[in-house]
Number of protein chains: 2
Amino acid sequence: MSQSPGERRSDRTRAGILAAARERFAADGYERATIRAIAADAAIDPAMVMRYFGNKEKLFAAAAEFDLRMPDFSALPREEVGAALTNHFLDRWEDDESLKALLRASVTNEVAAERMRQLFAGQLAPVIKNLADPAEAATRAGLVATQALGFALCRYVLALPPVAALTRPQAVAWLAPTITRYLTGTIDPAL
Amino acid sequence: MSQSPGERRSDRTRAGILAAARERFAADGYERATIRAIAADAAIDPAMVMRYFGNKEKLFAAAAEFDLRMPDFSALPREEVGAALTNHFLDRWEDDESLKALLRASVTNEVAAERMRQLFAGQLAPVIKNLADPAEAATRAGLVATQALGFALCRYVLALPPVAALTRPQAVAWLAPTITRYLTGTIDPAL
DNA sequence: TAGCCAGGTCAACACCTGTTGACCTACGGT
DNA sequence: ACCGTAGGTCAACAGGTGTTGACCTGGCTA
């Protein structure tokens, strides 16, 4: 039953399925990405996907596992945090298709939506706790999410021409001040 | 063949189908909203949907027809435009499910995505032409879209708790300065 | 009153989906 | 040489999908 951690032969196919799944989910969303198509991309039988992952939901859960890899910003000067966070988001978005898969799926799939919520509550909010009043961290994380996800949606998913055309420095120049304000702007207690 | 514009008997069912379609598309997205379910909601036979709208894509096109109803902001003092536009977006979002249907669908359906693009290019950008350098209007419209759609996504679709919990005045207080900057902020020509 | 036709029903089609279980195959340990 | 088993194939299932065409029906007009 057990085997020493040298690689099993199945590890490669398992990884292949996951890679294909990430691509398909990212490109097509949850319902249009079919197990048959994913299996075909991985040059494997659809039944293998079931053997390895149980069912489609679990496959998606495995494919959309995602770590924001938030750095520690607390050493940076306060006025640079916004730009650093903005750059980090854009980096993360561009070198890992999982986020696109997660975003596309979370709009119609409740499991994916819940994972999206936990991403911001569990990975972004804690970092913000080190930068601002911890009691306000969740709200500030939510506001950052609106701008980060909105930009990603417009640029990578909808491909709105003027947004897709922005260069990286332009994008950062526009977004960073917004993010900075969401991180550090004062909250009117009268509201 | 022709008939005076007094109401046909079919107008009511046609409207019923459209209302049901809007609800379903808004709640489930394009692929999960089935014609059978829409027909059931409208208490009608699925074949009627086909008779009236031809096919599912055309039904969606009819259900997701949407007018932003942009007011003329040019009379307002410049510093109030951001808040006014923010409020207008929230109003529009909350009293018409078509926008939610369009957003949910546009993430996986290319026709819907194209309609979303035209919404901002055709209805928002022209208004902005009256407020800023017309050459920059498209870019500014795109930036506004990132924040407006991102906020709507987080609040109405994903229901991120901290974003869903914001009161209307709080939401406006946070968003309006962002929108204002996207409308009027200077663009560094060096980028 | 007869007949036409907009408006509506019904059953079926061809296809695609996730999922299952029976079967094959090659290889490592004995 | 043998056989157990991890890894893989194949064909089929049950159910849901968009879509179609044949058929009914009730009210208006001639």
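A, B, ... follow the sequence lines: proteins, then strands. Residue 1 opens every chain.
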May I have the distance from B:F60 (atom CZ) to D:dT17 (atom P), rounded to whole angstrom? 18 Å

Is the distance from OP1 or OP2 of D:dG7 to the nearest side-chain N or O of A:S10 less than 4.0 Å? yes

Please tabulate the protein-to-nucleotide N/O contacts below 3.5 Å involving nucleotides 14-18 of chain C, giving atom names and distances.
| unit_1 | atom_1 | unit_2 | atom_2 | d |
| --- | --- | --- | --- | --- |
| C:dG18 | OP1 | A:I35 | N | 3.4 |
| C:dG18 | OP1 | A:K56 | NZ | 3.0 |
| C:dG18 | OP2 | A:I35 | N | 3.2 |
| C:dG18 | N7 | A:R36 | NH1 | 2.6 |
| C:dG18 | O6 | A:R36 | NH2 | 3.0 |

Report the distance from atom CG of B:D11 to atom P of C:dA6, rounded to the nearest whole Å. 14 Å

Residues in ring pair (Phe, Tyr, Trp, His ring centres under 6.0 Å) contact with A:F60, at least two apart in sequence or another chain: A:F25, A:Y30

Across all chains, not counting sequence neighbours, the side chain to side chain donor-acceptor pair (under 3.5 Å) partners of B:R168 are B:N87, B:D91, B:E94

Check the distance between D:dG8's C1' and A:I17's CD1 and give it to me in whole angstrom. 11 Å

Do B:T108 and A:E31 have side-chain N/O donor and acceptor atoms under 3.5 Å apart? no

Toward the 5' end of DNA chain D, which comes first, A:A47 or B:E57, by nearest nucleotide? A:A47

So, OP1 or OP2 of D:dG8: does either fall under 4.0 Å of a side-chain N or O from A:T13? yes

Rounded to the Å, how far apart are A:R51 CZ and D:dT5 P? 14 Å

Between C1' on D:dT20 and CZ on B:F53, what's the gap in Å once rounded to a whole number? 18 Å

With a cut-off of 3.5 Å and sequence neighbours excluded, list every side-chain donor-acceptor pair involving residues 118-131 of chain A.
| unit_1 | atom_1 | unit_2 | atom_2 | d |
| --- | --- | --- | --- | --- |
| A:Q118 | NE2 | A:E114 | OE2 | 3.1 |
| A:Q123 | OE1 | A:L68 | N | 2.7 |
| A:Q123 | NE2 | A:F66 | O | 3.3 |

Length of the line joining B:D45:CG and D:dG21:P, which is rounded to integer Å: 15 Å

List the atom pairs, with distances to 0.1 Å, where a side-chain N or O of residues 13-23 of chain A and a protein N or O form a donor-acceptor pair under 3.5 Å, not counting sequence neighbours.
| unit_1 | atom_1 | unit_2 | atom_2 | d |
| --- | --- | --- | --- | --- |
| A:T13 | OG1 | A:S10 | O | 2.8 |
| A:R14 | NH1 | A:Y52 | O | 3.4 |
| A:R22 | NH1 | A:A63 | O | 3.2 |

Under 3.5 Å, is there a donor-acceptor pair between the A:Q147 and B:T178 side chains? no

Side chains of residues 133-142 of chain A: which donor-acceptor partners sit under 3.5 Å, not counting sequence neighbours?
| unit_1 | atom_1 | unit_2 | atom_2 | d |
| --- | --- | --- | --- | --- |
| A:D133 | OD1 | A:A135 | N | 2.9 |
| A:E136 | OE1 | A:R140 | NE | 3.2 |
| A:E136 | OE1 | A:R140 | NH2 | 2.8 |
| A:R140 | NE | A:L183 | O | 3.4 |
| A:R140 | NH1 | A:Y182 | O | 3.1 |
| A:R140 | NH1 | A:L183 | O | 3.2 |
| A:R140 | NH1 | A:G185 | O | 2.9 |
| A:R140 | NH2 | A:G185 | O | 2.9 |

Just compare C:dG8, D:dG7, C:dT9 and give me whichever is closest to any side-chain atom of B:Y52. C:dG8

For the pair made of CG in B:D28 and C1' in D:dG16, what is the distance, rounded to whole Å? 15 Å

Which nucleotide in the set C:dT9, D:dT19, D:dG7 lies at the smallest distance from any side-chain heavy atom of B:P46? D:dT19

